[in-house]
Number of protein chains: 2
Amino acid sequence: MENVSIKDIAKLSGVSVATVSRVINNNGRFSEETGKKVRDIIESTGYRTNRIAKSLRTQKTQSIGIVVPDITNFFFSNVVQKIEKHFFDIGYSTIICNTDRDPKKEKTYLKMLESKMVDGLVIISGVKKFEPTDIGISLIPIVYIDREPNDSVNSIFISSDHYQAAYTATSHLIRQGCKHPVLLLYDRASSSSEKRLSGFLDALKENHIFSSLEENIFTFPSSFDFVNLDKEDESFRNFLTKEQKIDGIFAVNDLLGVYALDVLRKEGKKVPADVKIIGFDNTPYSRFTTPKLSSIEQNIQEIATLACDSLKQLMENNYIKTEAKRLVPVKLIIRESSQTNK
Amino acid sequence: MENVSIKDIAKLSGVSVATVSRVINNNGRFSEETGKKVRDIIESTGYRTNRIAKSLRTQKTQSIGIVVPDITNFFFSNVVQKIEKHFFDIGYSTIICNTDRDPKKEKTYLKMLESKMVDGLVIISGVKKFEPTDIGISLIPIVYIDREPNDSVNSIFISSDHYQAAYTATSHLIRQGCKHPVLLLYDRASSSSEKRLSGFLDALKENHIFSSLEENIFTFPSSFDFVNLDKEDESFRNFLTKEQKIDGIFAVNDLLGVYALDVLRKEGKKVPADVKIIGFDNTPYSRFTTPKLSSIEQNIQEIATLACDSLKQLMENNYIKTEAKRLVPVKLIIRESSQTNK
DNA sequence: TTGAAAGCGCTAACAG
DNA sequence: CTGTTAGCGCTTTCAA
């Protein structure tokens, strides 16, 4: 039983397609009798509206696109999940696009999403080598998460306060006695990592700790693979050990933090006695390391809610009333890895 | 510059829409001259094909749907990512649907995907309270991952060999001296957990270890929340400690394994000396626990590849030539948590 | 090599 | 309350 269309229903129930359309969408008026008859036929045939045709006609798809760098990442998958849920509940479906942090793929997806006539767009992070407007996408409402657009027509920007995050974490390390904290990050040029860098540096500066990019920062290649640690290059270990002074670490994600923990252990250093560590994202696993990892927690629910509300507003009004930029505070979760015996 | 349609292009380049369509799709024949002219106009207007209209006409959408219980889960997000990548590379876009393990949501999504005319479907795990065929979805090619369908028309089933996984893990525990291994799982009725249960029980039986569901199995509620361990109920701790004999644990995911590790440590038990543990999924974090967690590794790449190839075959031929069922072997990664001093 | 025209399945005036 | 009709943007015969 396939390919039953509105026309078939019309024929079967002895009315016109217009009437069928009316009862399906419950608009316009029709007699209770016709309504019932049509509904019965629909029920018995298993008819389902063809949303493609409907979309073509109405120019609305009831779907939104989410562009995300890496669905595998804790933070990303959690926001995506929450946004998806929210929109599902109000009758939208979600096209999730994984870009692998590849600008070309992102561009392709953006074009596709536009040609699929999504009603709205959520763009999460990703390297910003271009703006959607560059490729002619200017009238679709867009919510950016963690990526600050240059050109914000019909769009809004939401992000955790990464500056505050880094500043808070670093200050905490210093307060716990660290004289030489370092920052661990990836070599990706994201707007959030810029913010984190300056939060980190500002905290040092305010505490009169001299810093240099070489001595206080270690950059992992984006491709760094925790899985094949056999071929682990020595540079990180060297960084950690050559610089005898290093006594504090702020890692831009928990995995990096946990990895540092592991390397330090192998080198016979004690955490937190010799070195203190703070991770990022507060992943479930971070609770169970030895010692338990302190971590920055992003307010994922808040970000998702904000994103959904903003996007809905944009889609309805075609412009946003509130400020076009929202910074969401983070929370430092202090566990064992960052404080001396407590 | 919006809403430029094929008709506009036709007008602008002084040819018919049919011709424009021909050059866009590069079929039918047209003079080199017209071709160039049309292409130029397209370029300059930033025209992009409306895929909705195209789909309506061709009855093909060049998109597939992926239905997944929890995008946040390590295994799921990794398969999804790989499948997405594969299809992206051959020009398909992917609609990822997160069901939260809710059969109702799954049903809704399935209907939606059908009415959006996806060309194929990947359904990952999830509670099987119904079959897509039950709701009238019978002609879309479907690949099931980790969920064995009763009624497999136009579909194929792919899964890690969960029986082998459990059997192997348990046998290993026994070989390492465990007299009383237990299985940790969730209260979800999935086809993979059935398999794991019987693999576990068979291993015990073969080694003449008497087992009972009460003493050898602990079931976490699906909703078990590692985040709010404050309100941790005592039942798991009791299970682990009351049964003095417990000396081996096979957990259906790493997080459960790591959690057990933590509880045992608090109770003063040594791993692996007193109790040996094996997790599941070989997540990156499992490498960095103390002691390092042994784990079962699924061959995600293989599963994804198989899924893609099968789906493509189904979509082309409308039936599968090979067997409609594929079991992918798993690998036991032995680390510190499961073997006595080595 | 190109154009005219039909039609994919649906909605929304407009008319009755 | 209901039917007729045009048309969303595209592809694809069929003629020319």
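Chain identifiers are assigned alphabetically (A, B, ...) following the order of the sequence lines, protein sequences preceding nucleic acid strands; residue numbering begins at 1 within each chain.
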Exercise for the section: Using the six-membered ring wherever Trp is involved, compare the ring planes of Y109(A) and F88(B) and label them parallel, tilted or perpendicular (cut-offs 30° and 60°). Expected result: tilted
Handout entry: Pair E43(A) + K36(A), salt bridge at N-O below 4.0 Å
Key = no
Exercise for the section: Measure from CG on N27(A) to C1' on dT11(C) and round the result to the nearest Å. Expected result: 9 Å
Problem - nucleotides 2-9 of chain D: protein proximity per nucleotide (B base, S sugar-phosphate only, - neither; heavy atom, under 4.0 Å) - result: BBB-BBBB
Practice task
Could you state the atom-to-atom distance from CG of N26(A) to P of dA12(C) in whole Å?
Solution key: 13 Å
Practice task
Indicate whether any N or O donor in one side chain lies under 3.5 Å from an N or O acceptor in the other, for S63(B) and K116(A).
Solution key: yes
Problem - D8(B) CG - dC10(D) P separation (whole Å) - result: 9 Å
Exercise for the section: Find the distance K60(B):NZ to dC8(C):C1' and express it as a whole number of Å. Expected result: 13 Å
Problem - Flag side-chain contact, heavy atom, 4.5 Å: Q301(A) against N299(A) - result: yes
Problem - SB check R147(B) E106(B) (cutoff 4.0 Å) - result: yes
Practice task
State which residue, out of D100(B), I124(B), D102(B), fulfils the side chain to side chain contact (heavy atoms under 4.5 Å, CB included) condition with P69(B).
Solution key: I124(B)
Problem - Positive for side chain to side chain contact (heavy atoms under 4.5 Å, CB included) with P132(B), one of I123(B), L113(B), V67(B) - result: I123(B)
Exercise for the section: For the helix from dT1(C)-dA16(D) to dG16(C)-dC1(D), measure the angle between the helix axis at one end and the axis at the other, each built from five pairs, rounding to 10°. Expected result: 40°
Practice task
Report yes or no: do E148(A) and S191(A) form a side-chain donor-acceptor pair below 3.5 Å?
Solution key: no
